[in-house]
Amino acid sequence: MKLLEGKKALIFGVANKHSIAWGIAQMFHEHGAEIGFSYGIPQLEKRVRPLAEQIGVDFIELCDVTVDEEIDAVMAKAKEHFGTIDILVHSIAFAKREDIGGRFHEASRDGFALAMDISAYSLIALSRAAMPLMSDGGSIMAMSYYGAEKVVPNYNTMGVAKAALEANVRYLAADLGQDGIRVNSISAGPIKTLAASGISGFRKMLSKVADINPLRRNVDQMEVGRTAVYLASDLSSGVTGENIYVDAGYNILGMTETAD
Ligand code: NAD
Ligand code: 0WE
């Protein structure tokens, strides 16, 4: 059954075919949604455009989420193109290289502020700008990671930014509920994407996690996409302010060593 027929979705954060946002876009398309893309830097256009074409997306706009005017501009164009929207996907994160790894206490003021601005504040800014387009209510979702809740070695400043992102989800959910807008997050297990490719030891982390988690494997972008379909659809009409794990069960473990 097609769960998103007649729904319009704006997706932020497709960088290439490995992006979690691309997995979400493909699943939204499979479920009949009409989709628009916004990408973060001009150099990504040559990657994003061919992907958009594959699923009939003809709304593709540049928007650096640190710039209020660019957020206003993309929403103005979305209003022109779609009239209203039903779904907003935030799949964006950034911290400076030196703030992912090394000693946590060495985090700089400007590096911390940048990670918070791009990875957490932007959810508030995008939600506020999208509200006038969500006149029939809507579903907003953001991508998180377990490092928001527990210390994951080297995740460092990004972990603090994800903690803020998850708190943003709760405060936005409480505030926007009266406007018929639900806000949730998906906490994904590690997935090999552009954002992960720069992380040293990421492959080792993927295999260690797959050795010990309940399903004994890694998760992929399509699995995140299918949970995103649930959050975007009326199946989850009573769900807001939640964080849903798509992590093969890793988060339930109390001891991350195998017994034998
Ligand atoms: P990705 O590199 O494909 O996506 C990250 C996106 O953020 C890119 O499209 C990038 O252009 C965008 N971005 C960065 N700065 C921006 C800015 N100033 N304005 C607009 N866009 C900007 O990597 P991904 O792994 O698909 O990451 C998507 C989301 O999923 C992120 O929030 C990430 O933290 C989260 N996540 C990733 C994993 C993983 O292991 N890959 C696990 C859990 C959660
Ligand atoms: O959220 C993320 C990573 C996001 C990210 C990645 C980079 C790499 C390149 C943000 N900013 C940057 N900046 C860069 O310059 N993940 C959930 C993936 C990830 O990253 C880790 C992880 C996991 C999982 C870093 C350390 C430990 C685990």
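By convention here, the first residue in the shown sequence is residue 1. Each ligand, and each atom within it, is numbered from 1 in the order the structure gives.
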In terms of residue, atom name and distance, what is the protein heavy atom nearest to [atom]?
{"atom": "atom 16 (N) of ligand 2", "value": "Tyr155 CE1, 3.7 Å"}
{"atom": "atom 27 (C) of ligand 2", "value": "Pro153 O, 3.4 Å"}
{"atom": "atom 14 (C) of ligand 2", "value": "Ala95 O, 3.7 Å"}
{"atom": "atom 5 (C) of ligand 1", "value": "Ser91 O, 3.8 Å"}

query: Where does Met205 meet ligand 2, judged by heavy-atom distances below 4.0 Å: at the side chain, the backbone, both, or neither?
result: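 The side chain, only.
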query: For ligand 2, does Ser119 get within less than 4.0 Å through its side chain, its backbone, both, or neither, judged by non-hydrogen atoms?
result: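 Neither; nothing of Ser119 gets under 4.0 Å from ligand 2.
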message: Let's go through Ser122 and His90 carefully: what are the C-alpha distance in whole Å and the side-chain angles of both, what is the deciding distance for side chain to side chain donor-acceptor pair (under 3.5 Å) to 0.1 Å, and is it a yes or a no?
response: CA-CA 8 Å; Ser122 62; His90 177 289; 2.7 Å; yes
Please confirm whether [X] approaches ligand 1 to less than 4.0 Å, judged on its heavy atoms.
{"X": "Ser119", "result": "no"}
{"X": "Asp64", "result": "yes"}
{"X": "Phe202", "result": "yes"}

Counting heavy atoms only, which of [options] is nearest [atom]?
{"atom": "atom 41 (N) of ligand 1", "options": "Asp247, Val14, Ile191", "answer": "Ile191"}
{"atom": "atom 23 (O) of ligand 1", "options": "Ala196, Gly40, Ala95, Ala195", "answer": "Ala195"}
{"atom": "atom 19 (C) of ligand 2", "options": "Phe202, Tyr146, Phe94", "answer": "Phe202"}

- prompt: Does His90 approach ligand 1 within less than 4.0 angstrom via side chain, backbone, both or neither, non-hydrogen atoms only?
  reply: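 Neither part.
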- prompt: Is Ala195 in polar range of ligand 2, meaning some N or O pair under 3.5 Å apart?
  reply: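 Min N/O separation from ligand 2 is not below 3.5 Å for Ala195.
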message: For ligand 2 and Lys96, I'd like to know whether there is a polar contact (N/O to N/O, distance under 3.5 Å).
response: no
query: Does Ala196 have a non-hydrogen atom less than 4.0 Å from ligand 2?
result: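 No.
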query: Do NZ/NE/NH1/NH2 and the carboxylate oxygens of Lys7 and Asp234 come within less than 4.0 Å?
result: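 Salt bridge: yes.
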message: If only side-chain N and O atoms count, and only distance matters, is there a donor-acceptor pair under 3.5 Å linking Glu61 with Ser38?
response: no
- prompt: By number and element, which atoms of ligand 2 are closer than 4.0 Å to a non-hydrogen atom of Arg97?
  reply: 8 (C), 9 (C), 15 (O)
